[in-house]
Amino acid sequence: QVQLVESGGGLVQPGGSLRLSCAASGSGFRVASMGWYRHGPGEQRELVVTITSGGRTNYADSVKGRFTISRDNAKNTVYLQMNSLKPEDTAVYYCEAEVTIAPYYIVTQQYWGQGTQVTVSS
């Protein structure tokens with residue numbers, strides 16, 4: 001079993017910055033990719049960004065140039081630096097991980113964090 005623990009959400013003014021973090025814990029797994037999704041008011045959950053174990057990233061067009069994902073493979077942790085925040089970035093942000101499971105590390109499973117609220121408002 002894999003647990004994802006997120007932190008770093010909060011209230012920030014437009015133009016401000018926040019940093020989210022997500023740590024994967026448990027045993028008998030290897031992380032293939034991790035990322036962030038968000039669910040805004042009245043909207044469907046959408047991709048923000050993902051990063052593979054090799055460092056390949058996939059950003060949503062709406063956050064390119066403003067958000068940066070980074071990863072500490074040794075700690076199974078990802079960070080999301082969010083700059084130049086806009087009111088439309090307001091959402092619950094969910095950490096997501098795709099992992100392979102022991103003993104053969106072939107089958108991939110997906111896990112989600114509990115979500116952290118980000119509110120951008122003056």
Side-chain angles (χ1 to χ4, degrees):
Q1 190 72 9
V2 177
Q3 294 82 40
L4 302 179
V5 178
E6 303 140 334
S7 62
L11 173 65
V12 64
Q13 292 185 343
S17 299
L18 280 176
R19 187 183 191 227
L20 307 183
S21 64
C22 173
S25 63
S27 62
F29 72 96
R30 294 173 183 168
V31 176
S33 69
M34 295 183 73
W36 295 92
Y37 289 72
R38 66 187 182 187
H39 192 171
E43 299 178 0
Q44 294 184 335
R45 185 177 296 191
E46 64 175 359
L47 167 74
V48 177
V49 60
T50 58
I51 184 168
T52 68
S53 58
R56 186 172 70 248
T57 58
N58 180 31
Y59 286 91
D61 288 342
S62 60
V63 305
K64 284 181 180 177
R66 300 188 298 123
F67 291 11
T68 303
I69 192 169
S70 59
R71 178 170 175 171
D72 185 334
N73 287 337
K75 297 180 179 179
N76 285 328
T77 299
V78 290
Y79 307 95
L80 181 63
Q81 179 66 42
M82 304 186 292
N83 298 329
S84 301
L85 282 160
K86 305 175 181 180
E88 50 263 44
D89 294 317
T90 295
V92 178
Y93 283 69
Y94 294 91
C95 179
E96 179 262 357
E98 293 188 357
V99 307
T100 55
I101 303 298
Y104 303 112
Y105 299 100
I106 296 175
V107 175
T108 300
Q109 294 185 358
Q110 186 182 47
Y111 291 88
W112 293 91
Q114 78 282 1
T116 185
Q117 177 70 46
V118 171
T119 302
V120 185
S121 175
S122 55

Starting from V2, can I reach M34 by hopping between I/L/V/M/F/W/Y residues whose side chains sit under 4.5 Å apart?
yes
Just checking, is any N or O donor in the side chain of S33 or T52 under 3.5 Å from an acceptor N or O on the other one?
no
Quick one about R56 and N58 (side-chain donor to acceptor, distance below 3.5 Å, no hydrogens or angles considered), yes or no?
no
Parallel under 30°, tilted from 30 to 60°, perpendicular over 60°: which one fits the rings of Y94 and W112?
perpendicular
Minimum heavy-atom distance between A24 and L4, given as atom pair plus value
CB-CD2, 3.5 Å
Could you tell me whether the side chain of I69 reaches within less than 4.5 Å of the side chain of Y79, counting heavy atoms only?
no
How would you list, by chain and number, every residue that makes a ring-ring contact (aromatic ring centres under 6.0 Å, His included) with Y111, sequence neighbours excluded?
none
Keeping the roles fixed (side chain from S121, backbone from T119), state whether a donor-acceptor pair exists under 3.5 Å.
no
Filter on salt bridge (charged side-chain N to carboxylate O under 4.0 Å, His left out), then keep only pairs touching residues 80-108, sequence neighbours left out; what's left?
R38-D89, R66-D89
Is the shortest heavy-atom distance from the side chain of Y93 to the side chain of L18 under 4.5 Å?
no
For E6 and G115, indicate whether the former's side chain and the latter's backbone hold a donor-acceptor pair under 3.5 Å.
yes
Hey, are the side chains of V107 and T100 touching, using non-hydrogen atoms and a 4.5 Å cut-off?
no
Evaluate the side-chain proximity of T90 to Q117: yes if any heavy-atom separation is below 4.5 Å, no if none is.
yes
Distance to the ring centre below 6.0 angstrom and angle to the axis at most 45 degrees; does that hold for R45 and Y37?
no
Compute whether any side-chain donor of one residue and acceptor of the other, for N83 and S17, lie under 3.5 angstrom apart.
yes
Would a distance-only check, ignoring hydrogens and angles, find a side-chain to backbone donor-acceptor pair under 3.5 Å from R71 to I51?
yes
Does any non-hydrogen side-chain atom of M82 lie less than 4.5 Å from one of V118?
yes
